[in-house]
Amino acid sequence: MRYVRDFENIQLTEPTVLSLGKFDGLHRGHELLMDSVFEKASEGLKTVVFTFDIPPKQPSLHDQKVITTNEEKQQLFLQKGLDYLIECPFTEKIKHMQAEKFIEEMVRRLKVKWVIAGTDFCFGHNRRGDYHMLQQYADVYGYQVRVVQKMQYQGRDISSTYIREELSKGRISLANELLGYAYFIQGKITHGNQIGRTIGFPTINILPPENKLLPPYGVYVSRIEIDGQCYNGITNIGKKPTIDGDSPAGAETYIYDFHRDVYEKEARVSILAFVRPEMKFDGIDSLRGQLEKDILYGRNYFAGVMRE
């Protein structure tokens with residue numbers, strides 16, 4: 001996959017099928033768009049997704065928490081086998097570009113033959129452009145449009161907003177159902193305070209960026225991927241109040257039967273189920289006792305999963 005951030009200087013030479021949107025979470029609703037994209041790819045078209053580096057409604061990166069960071073989104077598209085991911089910087093020039101001009105630039109630079117669009121996608125200055133406008137200009141610029149209706153779950157449209165609501169409420173199972181995969185936190189493993197190691201429970205630590213939406217602070221059953229290998233674990237999401245309640249919110253994970261040195265490696269921690277809220281304990285001994293219970297809970301959870 002080719003990752004592009006310099007939209008104003010790109011010029012593709014092969015005909016493409018293009019889908020546009022924020023794609024936060026790349027959830028089940030987005031899958032309908034991607035199914036159509038790859039269907040058209042079978043006709044000899046290169047696959048392109050166009051998105052912005054920040055949500056266009058937001059003036060800065062930190063004003064809206066995201067389900068997937070830009071880096072996580074890149075990995076999801078890479079796994080799908082996309083040819084081009086264009087993450088356009090939301091500059092003042094782009095912000096004030098008229099919708100008609102946006103279509104012209106998009107078709108010319110990306111050699112678009114098919115556009116796959118959802119019913120809620122808007123573009124251009126003051127969000128004037130929509131799928132109706134894409135259809136209106138199709139004959140002018142020589143492309144075709146397929147409009148994909150929203151997928152629903154129990155009578156409600158599946159959307160990034162819906163998933164953010166469920167994650168914020170701690171409804172992990174429902175959020176994962178809407179995503180079509182387990183919500184995850186991905187990043188480089190960093191050095192923590194190593195308290196876990198001293199009390200017999202070594203952990204890995206990931207510090208997500210500020211704009212990453214986290215579920216309520218607490219302990220969760222998790223699955224961890226490092227170097228292409230998957231492991232079971234228990235993850236605390238929060239600020240570790242017993243040790244250092246002023247630290248930034250992060251994900252600290254105990255991996256079952258794991259003894260490798262993996263500092264500085266990339267890891268993906270997928271959240272499967274809620275165990276308990278984050279707590280502040282009286283001391284290290286109380287913390288150790290609760291960790292033993294959490295770890296046992298996780299072992300029983302995975303044993304139950306394996307029996308199903």
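Keep in mind that the numbers below use all heavy atoms, side chains included, and drop hydrogens, waters and symmetry copies.
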(message) Has Thr51 got a side-chain atom pairing as donor or acceptor with Gly21's backbone, closer than 3.5 angstrom?
(response) yes
(message) If I compare all heavy atoms of Ile226 with all of Ala267, which pair ends up nearest, and what's the gap?
(response) CG1-CB, 3.9 Å
(request) Using a strict 4.0 Å threshold on nitrogen-to-oxygen distance, state whether Glu71 and Lys212 make a salt bridge. (result) no
(message) Check Glu100 with Arg128, please: is the shortest side-chain N to carboxylate O separation under 4.0 Å?
(response) yes
(message) Nearest 0.5 angstrom please: Thr16 OG1 to Lys40 NZ, how far?
(response) 13.5 Å
(message) Given the ring of Phe38, does Lys46 sit roughly above its face, with NZ or CZ under 6.0 Å from the centre of the six-membered ring and within 45° of the axis?
(response) no
(request) Search all heavy atoms of Thr253 against all heavy atoms of Thr235 and return the closest pair with its distance. (result) OG1-OG1, 2.7 Å
(message) One thing to verify: whether Asp227 and Arg260 come together as a salt bridge, which I'm taking to mean a side-chain N less than 4.0 angstrom from a carboxylate O.
(response) yes
(message) Hydrophobic clusters here meaning ILVMFWY residues chained together by side-chain heavy-atom distances under 4.5 Å, can you tell me if Tyr301 and Ile234 are in one?
(response) yes
(request) To the nearest 0.5 angstrom, please state how far the CG atom of Leu110 sits from the CZ atom of Arg108. (result) 10.0 Å
(message) Do Leu167 and Ile67 make a side-chain contact, defined as non-hydrogen atoms from C-beta onward lying under 4.5 Å apart?
(response) yes
(message) Does this structure show an ion pair linking Glu105 with Lys101, if we count only N-O contacts that are shorter than 4.0 Å?
(response) yes
(request) Check the surroundings of atom NZ in Lys265: do more than 12 heavy atoms from other residues, nucleotides or ligands lie under 6.0 Å from it? (result) no
(message) Regarding Glu8 and Arg109, does a basic nitrogen lie under 4.0 Å from an acidic carboxylate oxygen?
(response) no
(message) Once you measure the plane-to-plane angle for Phe77 and Phe23, does it fall in the parallel (<30°), tilted (30-60°) or perpendicular (>60°) bin?
(response) perpendicular
(request) For the pair Glu87 and Arg5, find out whether any cationic side-chain nitrogen is under 4.0 Å from an anionic carboxylate oxygen. (result) yes
(message) Run Ile237 and Ile185 through side chain to side chain contact (heavy atoms under 4.5 Å, CB included) and show every step you take.
(response) CA-CA 10 Å; Ile237 296 175; Ile185 300 168; 3.9 Å; yes
(request) Decide, yes or no, whether a salt bridge links Asp83 with Arg2 under the criterion of side-chain N to carboxylate O below 4.0 Å. (result) no
(message) Quick check: do Gln149 and Val147 have side-chain heavy atoms less than 4.5 Å from each other?
(response) yes
(request) Would you check if there is a donor-acceptor pair between the side chains of Asp157 and Gln152 at a distance under 3.5 Å? (result) yes
(request) For Asp35 and His30, indicate whether the former's side chain and the latter's backbone hold a donor-acceptor pair under 3.5 Å. (result) no
(request) Check Ile295 against Tyr256 and note the closest heavy-atom contact, atom names and distance. (result) O-OH, 2.6 Å
(message) Are the side chains of Ile103 and Tyr143 in contact, using a 4.5 Å heavy-atom criterion?
(response) yes
(message) For a quick test of reading the model, state the closest non-hydrogen atom pair linking Pro216 to Lys169 and the distance between them.
(response) CG-C, 4.0 Å
(request) Taking the side chain as every heavy atom from C-beta outward, state whether Gln74 and Leu85 have any pair of such atoms under 4.5 Å apart. (result) yes
(message) With a 3.5 Å distance limit and no angle check, can you tell me whether Tyr183 reaches the backbone of Thr68 through a side-chain donor-acceptor pair?
(response) no
(message) Strictly below 4.0 Å, N to O, side chains only: are Arg299 and Asp257 in salt-bridge contact?
(response) yes
(request) If the plane angle is over 60° it's perpendicular, under 30° parallel, otherwise tilted; pick one for Phe52 and Phe102. (result) tilted
(message) Using ring pair (Phe, Tyr, Trp, His ring centres under 6.0 Å), reason through Tyr3 and Tyr84 one step at a time and then give a plain yes or no.
(response) CA-CA 6 Å; Tyr3 169 61; Tyr84 294 91; over 10 Å; no
(request) Tell me, yes or no, whether the heavy-atom count around Asp139 atom CG, taken from other residues, nucleotides or ligands under 6.0 Å, exceeds 12. (result) no
(message) Nearest 0.5 angstrom please: Cys122 SG to Asp120 CG, how far?
(response) 7.5 Å
(message) Restricting to non-hydrogen atoms, name the atom on Ala117 and the atom on Tyr131 that form the minimum distance, rounded to 0.1 Å.
(response) CB-CB, 4.5 Å
(message) Has Ser19 got a side-chain atom pairing as donor or acceptor with Ile116's backbone, closer than 3.5 angstrom?
(response) yes
(message) Can you give me the closest heavy-atom contact between Glu166 and Leu178, atom names plus distance?
(response) CG-CD1, 4.2 Å
(message) Side chains of Tyr181 and His27, heavy atoms from C-beta outward: is any pair under 4.5 Å?
(response) no
(request) Please check if Ile204 and Leu207 belong to a single hydrophobic cluster, counting links between Ile, Leu, Val, Met, Phe, Trp and Tyr side chain heavy atoms closer than 4.5 Å. (result) no
(request) Answer yes or no: is there a side-chain heavy-atom contact under 4.5 Å between Tyr217 and Lys239? (result) yes
(request) For the pair Asp53 (side chain) and Phe90 (backbone), establish whether a donor and an acceptor sit closer than 3.5 Å, ignoring hydrogens and angles. (result) yes
(message) Does the structure place the NZ or CZ of Arg268 under 6.0 Å from the centre of the six-membered ring of Phe184, at an angle of no more than 45° from the ring's axis?
(response) yes
(message) Distance to the ring centre below 6.0 angstrom and angle to the axis at most 45 degrees; does that hold for Arg156 and Tyr162?
(response) yes
(request) Kindly work out whether a path of hydrophobic side-chain contacts (I/L/V/M/F/W/Y, heavy atoms less than 4.5 Å apart) joins Leu296 to Tyr231. (result) no
(message) Test your reading of the model: is there a side-chain donor-acceptor pair from Lys111 to the backbone of Glu14, 3.5 Å cut-off?
(response) no
(message) Could you check whether Ser36 and Arg146, counting side-chain N and O atoms only, form a donor-acceptor pair closer than 3.5 Å?
(response) yes
(message) Measuring only between side-chain heavy atoms, which start at C-beta, is Val17 closer than 4.5 Å to Glu39?
(response) no
(request) Determine, for Arg164 against Asp24, whether the closest basic-nitrogen to carboxylate-oxygen distance falls under 4.0 angstrom. (result) yes
(request) Look only at the side chain of Glu72 and the backbone of Gln186, and say whether a donor-acceptor pair between them is shorter than 3.5 Å. (result) yes
(message) Rounded to the nearest 0.5 Å, what separates atom OG1 in Thr91 from atom NE2 in His96?
(response) 10.0 Å
(request) Could you grab the distance from atom CG of Leu26 to atom OG of Ser160, nearest 0.5 Å is fine? (result) 9.0 Å
(request) State, with a plain yes or no, whether a side-chain heavy atom of Leu287 is found less than 4.5 Å away from one of Gln290. (result) no
(request) Check the surroundings of atom CZ in Arg171: do more than 12 heavy atoms from other residues, nucleotides or ligands lie under 6.0 Å from it? (result) no
(request) Any chance you could measure Cys88, atom SG, to Ile10, atom CD1, to the nearest 0.5 Å? (result) 10.0 Å
